[in-house]
Amino acid sequence: MAALAGVVAAAVVLAVAELLGAFFTARATPMIALGSTFIDFTPSWLKDFAIATFGTNDKAALFVGMGLTIAVLACALGVVAYRRWAWGVLGVLFMGGVIVASVVTRAGVGALDAVPSVVGTFAGLLVLRLLVARVRGVQTWPEVPASAAVDADPREDAPRPGASRRRFFAAAGITAAAAGLAATGGRLLGAARSNILQARDALQLPAPARPAPAVPAGVQSPVPEVTPWLTPNGEFYRIDTALSVPEIDVDNWELRVHGMVEEEVRLTFQDLLDAKLIESHVTLTCVSNPVGGNLAGNARWLGLPLREVLKQARPMAGADMVLSTSVDGFSASTPLEVLQDDRDAMLAIGMNGGPLPLEHGYPVRMVVPGLYGFVSATKWVVDLEVTRFADSRAYWTERGWSERGPIKTMARVDVPKSFAKVPAGTVAVGGTAWAQTRGISKVEVQVDDGEWMEADLSAEASLITWRQWSLQWEAAPGQHYLKVRATDGTGEVQTDQRADPVPDGASGWQSVMVTVQ
Ligand SMILES: Nc1nc2c(c(=O)[nH]1)N[C@H]1C(S)=C(S)[C@@H](COP(=O)(O)O)O[C@H]1N2
Ligand SMILES: [Mo]
């Protein structure tokens, strides 16, 4: 019962903070702040394990793990508080202190944002006090002395033990239900108070001064179920360290370009709307994508070439890197020359015809063809510092990943799926392949130890988008392994050398086991 008291008290801490949090910064509630702090301290092998195991559900998995950890700690604290109240108080204050520390150290969070966590901690302490008192009040039936007369039960006047126990469970239950209501209310209130989503939906983007080149017919693999060539926004993979999506008001958004520049530049969102925008299809890829994985997506982006912004700022001699920083503290190091050459790296404000979705960087993000996202695709970007690789390090570089990240050539089988069972005869095989800025010139498939067979390539839209492929395979009954490899536009064959995603991207050939019946 004391353990349960602890868990209920912890729920009250979180719920009260969630409810009050609706009136403070969205990133300042205990679960978000604790989780974000945990993410920042996650070693890269654990981050990699989480993405490999849970994919884009890694955030849900983190919350479940945090919930279990908090529940176990709360059980222990409940028991401690029952045995020694003073120690219980110390324990709760310590945990409250950890929460407050993680809240106030988040980027873009002020000292005042600690209020919900502080109030929550004291509410939890109060509830723990009341529940522990109830646990202590629970009576046990006194032992009946063997010598007692049969007709004189000394327990006659004592309250029944069941009654006080029931009173405890009722109090715990009611408190837990109230906490649930408060947390839900806080969520709804927070959502209702935020008008960023409405502002985004109402936003009218200008037509590009230079539209995207027409997509040739036949970019889609003829094999059904191959991933769509253009990824719809709702299906676009999402990878970031942001547990709560930053909510940015376009009227307050500003990009500061500074550092080793002749002229510091400040851009407002209106400046972007007024500028000569371009549109182009670019395939984004995540460095954490395992061989055969789906952390890649292709969209049509609308934005201002970073080349133009840098032209205005005039980088100084010796600068070789731009450190882009997000409002939530994430940063990426991108080679300066990559942002200046003709690959059209951009400050993007549009994705597939509309404003950026909140999760994909609204209102402004970077899109840089040819580089993995962790060194280039900063979402919710607010700061560009022109600097040198020798002087500054980005978020993931501090955590053991590479400071540079050109995309490695990769071919992927989408159909048939691994472990699929297919009927013997002609089997349609298909998938996609990418080697952004180099393009794909060949895709080959090998069945077991047979000859490499050349796949049919779908039409090529550009060197910075993925390219689909297909192959008709005469399949004989039995178990077979299909291996796939691509050759990039320079003639280089994808390496069969297996490498983990850490530190600069996975490599190796995907192998798919298929049972032909
Ligand atoms: N602010 C911010 N931007 C970020 C990240 C992040 O964690 N925070 N992750 C990067 C990584 S690792 C990738 S792969 C891309 C993914 O972009 P997407 O979520 O729009 O697909 O965003 C990049 N931009
Ligand atoms: Mo990534």
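All ligand and atom numbering here is 1-based and tracks the order in the structure. Worth knowing before you read on, the calculation uses all heavy atoms, side chains too, and leaves out hydrogens, waters and symmetry mates.
When only interatomic distances are considered, the shortest N/O to N/O separation between His360 and ligand 1 falls below 3.5 Å.
For ligand 1, the atoms closer than 4.0 angstrom to any heavy atom of Trp380 are 1 (N), 2 (C). Atoms of ligand 1 lying under 4.0 Å from at least one heavy atom of Thr378, given by number and element, are 3 (N), 24 (N). Interface atoms of ligand 1 facing Cys286, defined by a heavy-atom separation under 4.0 Å, are 14 (S). Remark: ligand 1 atoms within the under-4.0 Å shell around heavy atoms of Phe374 are 11 (C), 12 (S). Against a heavy-atom cut-off of under 4.0 Å, Phe236 is close to the following atoms of ligand 1: 21 (O). Set against the non-hydrogen atoms of Ala377, the atoms of ligand 1 under 4.0 Å away are 22 (O), 23 (C), 24 (N). Residue contact check: Asp328 has heavy atoms under 4.0 Å from atoms 1 (N) of ligand 1.
Annotation for Ala107 and Val327: closest pair CB-O, 3.9 Å, computed over non-hydrogen atoms.
Between Trp396 and Trp401, the angle of the ring planes goes over 60°, which puts this pair in the perpendicular group of the 30/60° scheme. Under the 30°/60° scheme for interplanar angles, the aromatic rings of Trp434 and Trp466 are found to be tilted.
Of the candidates Gly297, Ser326, Gly373, it is Gly373 that places a heavy atom closest to atom 13 (C) of ligand 1. The closest heavy-atom contact to atom 6 (C) of ligand 1, among the options Ile39, Thr285, Asp240, comes from Asp240.
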Before you tell me yes or no, could you show the steps for Arg365 and Asp240 under salt bridge (charged side-chain N to carboxylate O under 4.0 Å, His left out), namely the whole-Å CA-CA distance, both residues' side-chain angles and the distance that decides it to 0.1 Å?
CA-CA 13 Å; Arg365 74 173 305 167; Asp240 55 58; over 6 Å; no
Is there a side-chain hydrogen bond (donor to acceptor under 3.5 Å, both in side chains) between Asp113 and Thr25 once you walk through the steps?
CA-CA 7 Å; Asp113 289 311; Thr25 308; 3.0 Å; yes
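Using modelled atom types, one side-chain atom of Ser331 and one backbone atom of Tyr395 make a donor-acceptor pair closer than 3.5 Å.
For the pairing with Asn352, the side chain to side chain donor-acceptor pair (under 3.5 Å) check across Asn233, Asn298, Thr231 returns one residue only, Asn233.
Between atom CG of residue Leu197 and atom CG of residue Leu358 there is a gap of 5.5 Å, rounded to the nearest 0.5 Å.
The single protein non-hydrogen atom nearest to atom 2 (C) of ligand 1 is Phe330 CD2, 3.3 Å, given as residue, atom name and distance.
At least one heavy atom of Arg365 sits under 4.0 Å from some atom of ligand 1.
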